Amino acid sequence: MSGFLAVGLSNSNLMGQSNHSASASGPKRIAIVGSTGTIGVNCLDVAAHLPERLQVAGISGHSNTRLLKEQAEKHRPDWVAVTDVVAAAGLKQGDLPSGCELVVGQDALARKVAGPGHELVVSAIVGAAGLDSTWAALEAGKDVAVANKETLVLAGALVLDLAKRRNAKLLPVDSEHSALFQLLQEPGALGRVEKLVLTGSGGPFRGRKRCELAEVTVEQALAHPTWRMGKKITIDSATLMNKALELIEARWLFDMPVNRLDAIIHPESVIHSFVEFVDGSVVAQASPPDMRLPIQYALTWPDRVWGPTRRLDWRALSKWTFEQPDREAFPALDLGLAVAQAGGTAGAVLNAANEVAVERFLAGSLKFLDITQLVVEVVGAHTHDASPALNDLRRADGWARKEAVLWQNNQTTMAN
Ligand code: NDP
Ligand code: MG
């Protein structure tokens, strides 16, 4: 039986024993790590619309102290964490409402996340930087609404195992995984799955041939056609690395063999995933591209309640379209499937190399096609460990970051 089935979709949870039901005990108290990001802001908006359901107990940002101060004034959490110790100079205890505690640094955040005062943590930090707070929350037995896919790519097997051991639930926030989660609510549904098919918009370069991608600019890559998101995931969407990360994420969350995972391009971003069942029936989850729905579902699960998310306009609706991904122009997709198949340290290496590559592309020192090329070569060069412990994964992450920098420096030297 899958780890996720055990931690997320078990019969006991669906029989009303969940601590997620709208309860007589008052609103659910949540901590949002990464509250200053796109997901964090959407999450606070959902909470503001559902005060009888959700209460914000804590928030964290890395550097955006101005926004943290505004969020603290509006949502009145018990604590605010700033993880960048330099940027923390921009926020003083006296800037926060009375009774709201200011803490600084990654360790302080991990302690707050694991501490009392909330039952669920929204993991919305970008990148591997989200691992520690997600881990701390699960270790303390808190449920986690997980947007931070990089943590699952890096350490999916261990994170799922930890959640199971601590009897903590992992609730997907990524729209595709939320769609699958919504489609698999019936007890035993996961055991009747033939295939999970994730959709993707295709990003800003959909339809372009590989040779047309060589000189694309950062500005063009950031112009996503359907979603407004942080810069890192927006570049991942342009290379289709985001879909690769999501296939790996699905592999762990749903404990699905890789040959039962697929991706299809759906430019309108309205259908978020399909489940094909063993009898040939295919069901889909559809809603306008608005992250407030998957966030809300994770926070109110197993209930559905009215919320602020955009609605489908049935009078304007005429068609939804699909196409096959261009695997030559976007080799990240097949790389992701290979890495999902390999497991072990492969995900940590892929993720770390990609984080460096995206950072370098955004800084103007790496070409678009070299993002995936760099990741392919770093993954190819690594010594695979099939059953790593958390420390081995951290080491693999560190090795891949160094290797990625070396690769990029070599490219620059060769070009000069
Ligand atoms: P953003 O870039 O908008 O926000 C990132 C958040 O992480 C900010 O709060 C930022 O703080 C914080 N942060 C950045 N670096 C660190 C660090 N080293 N330590 C602690 N905190 C840090 O990203 P998104 O909101 O777009 O994405 C967040 C996560 O959710 C990603 O993993 C992404 O893949 C995933 N996701 C996002 C979706 C979306 O629609 N945006 C959809 C599905 C998944 P600050 O800004 O204060 O510096
Ligand atoms: Mg997604």
Side-chain angles (χ1 to χ4, degrees), residues 31-45 59-72 80-88 90-91 103-110 112-113 122-134 136 144-154 172-181 198-203 222 224 226-237 240-250 253 263 266 269 271-273 285 289-295 298 309 336 351 354-355 358-359 362:
I32 307 165
V33 299
S35 69
T36 49
T38 318
I39 291 289
V41 166
N42 275 315
C43 187
L44 285 169
D45 187 48
I59 56 176
S60 89
H62 194 54
S63 58
N64 194 344
T65 49
R66 185 194 48 75
L67 184 55
L68 275 175
K69 180 171 182 285
E70 276 175 36
Q71 292 180 339
V80 171
V82 187
T83 41
D84 182 340
V85 289
V86 178
L91 192 65
V103 300
V104 173
Q106 301 282 6
D107 291 349
L109 172 63
K112 277 291 169 201
V113 155
V122 180
S123 168
I125 288 173
V126 63
L131 172 66
D132 287 353
S133 48
T134 308
V144 174
V146 59
N148 174 230
K149 65 189 88 185
E150 293 90 348
T151 282
L152 292 172
V153 172
L154 200 175
V173 167
D174 211 347
S175 56
E176 296 77 3
H177 307 74
S178 171
L180 296 169
F181 184 56
L198 281 64
T199 60
S201 69
L222 284 174
H224 197 280
T226 51
W227 296 97
R228 295 288 153 262
M229 310 180 285
K231 283 187 180 174
K232 196 262 178 180
I233 184 177
T234 305
I235 301 303
D236 286 345
S237 300
L240 292 206
M241 187 62 82
N242 184 48
K243 217 41 60 185
L245 300 177
E246 290 180 351
L247 287 164
I248 302 170
E249 183 184 7
L253 278 177
H266 167 51
S269 301
I271 292 183
H272 300 294
S273 277
Q285 186 269 331
D290 182 340
M291 284 308 294
R292 290 174 298 181
L293 179 67
I295 290 168
T309 194
N351 179 66
N354 183 56
E355 285 192 27
V358 170
E359 212 177 276
L362 285 169

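Side chains are part of it too, since the values below use all heavy atoms of this structure and drop only hydrogens, waters and symmetry mates. For ligands, and for the atoms within them, numbers begin at 1 and follow the listed sequence. Small disclaimer: the values here were computed from a predicted structure and weren't measured. For reference, positions follow the sequence shown, starting with 1.
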Of all the non-hydrogen atoms in the protein, which one sits nearest to [atom], and at what distance?
| atom | value |
| --- | --- |
| atom 2 (O) of ligand 1 | Gly230 CA, 3.8 Å |
| atom 6 (C) of ligand 1 | Ala124 O, 3.7 Å |
| atom 43 (C) of ligand 1 | Asp174 OD1, 3.1 Å |
| atom 33 (C) of ligand 1 | Ile233 CD1, 4.0 Å |
| atom 14 (C) of ligand 1 | Val126 CG1, 3.8 Å |
| atom 32 (O) of ligand 1 | Glu150 OE1, 2.6 Å |
| atom 41 (N) of ligand 1 | Met229 CB, 3.4 Å |

Looking at every heavy atom in both [X] and [Y], which two are closest together, and how far apart are they?
| X | Y | answer |
| --- | --- | --- |
| Ala147 | Ala124 | CB-CA, 4.4 Å |
| His272 | Ser175 | CB-O, 3.8 Å |
| Val82 | Ala88 | CG1-CA, 3.8 Å |
| Leu245 | Val153 | O-CG2, 3.5 Å |
| Thr65 | Ala87 | CG2-O, 3.4 Å |

Can you tell me if [X] uses its side chain to pair, donor with acceptor, with the backbone of [Y] under 3.5 Å?
| X | Y | value |
| --- | --- | --- |
| Lys243 | Thr199 | yes |
| Ser273 | Leu180 | no |
| Thr38 | Gly230 | yes |
| Ser60 | Val33 | no |
| His177 | Pro172 | no |
| Glu355 | Ala128 | yes |
| Asn242 | Ile233 | no |
| Thr36 | Val41 | no |
| Asp174 | Glu176 | no |

Numbering as shown, the atoms of ligand 1 that approach [X] to under 4.0 Å (heavy-atom distance):
| X | value |
| --- | --- |
| Lys149 | 32 (O), 34 (O), 44 (C) |
| Gly34 | 9 (O) |
| Ser63 | 45 (P), 47 (O), 48 (O) |
| Ala129 | 17 (C), 18 (N), 19 (N) |

Looking at ligand 1, does any of its N/O atoms fall within less than 3.5 Å of an N/O of [X]?
| X | value |
| --- | --- |
| Gln106 | yes |
| Gly37 | yes |
| Thr38 | yes |
| His62 | yes |
| Ser60 | no |
| Lys231 | no |

Quiz item: Which protein N, O or S atoms lie under 2.8 Å from the Mg ion (ligand 2), given by chain and residue number?
Solution: Asp174 OD1, Glu176 OE1, Glu246 OE2
One residue to check: [X]. Relative to ligand 1, which of side chain, backbone, both or neither has a non-hydrogen atom less than 4.0 Å away?
| X | answer |
| --- | --- |
| Ile39 | both |
| Lys232 | neither |
| Thr83 | side chain |

Quiz item: Hey, looking at atom 35 (C) of ligand 1, which of Ala147, Ala128, Ser133 has the closest heavy atom?
Solution: Ala147
Quiz prompt | Best match, Thr36, Ile125, Val153: closest heavy atom to atom 21 (N) of ligand 1 | solution = Ile125
Practice problem: Might you work through the side-chain contact (heavy atoms from CB on, under 4.5 Å) test for Lys231 and Glu359, ending with a clear yes or no? | Solution: CA-CA 9 Å; Lys231 283 187 180 174; Glu359 212 177 276; over 6 Å; no
Quiz item: Atom CD1 in Ile32, atom OG in Ser133: separation rounded to 0.5 Å?
Solution: 13.0 Å
Quiz item: Any salt bridge between Glu246 and Lys149, counting N to O under 4.0 Å?
Solution: yes
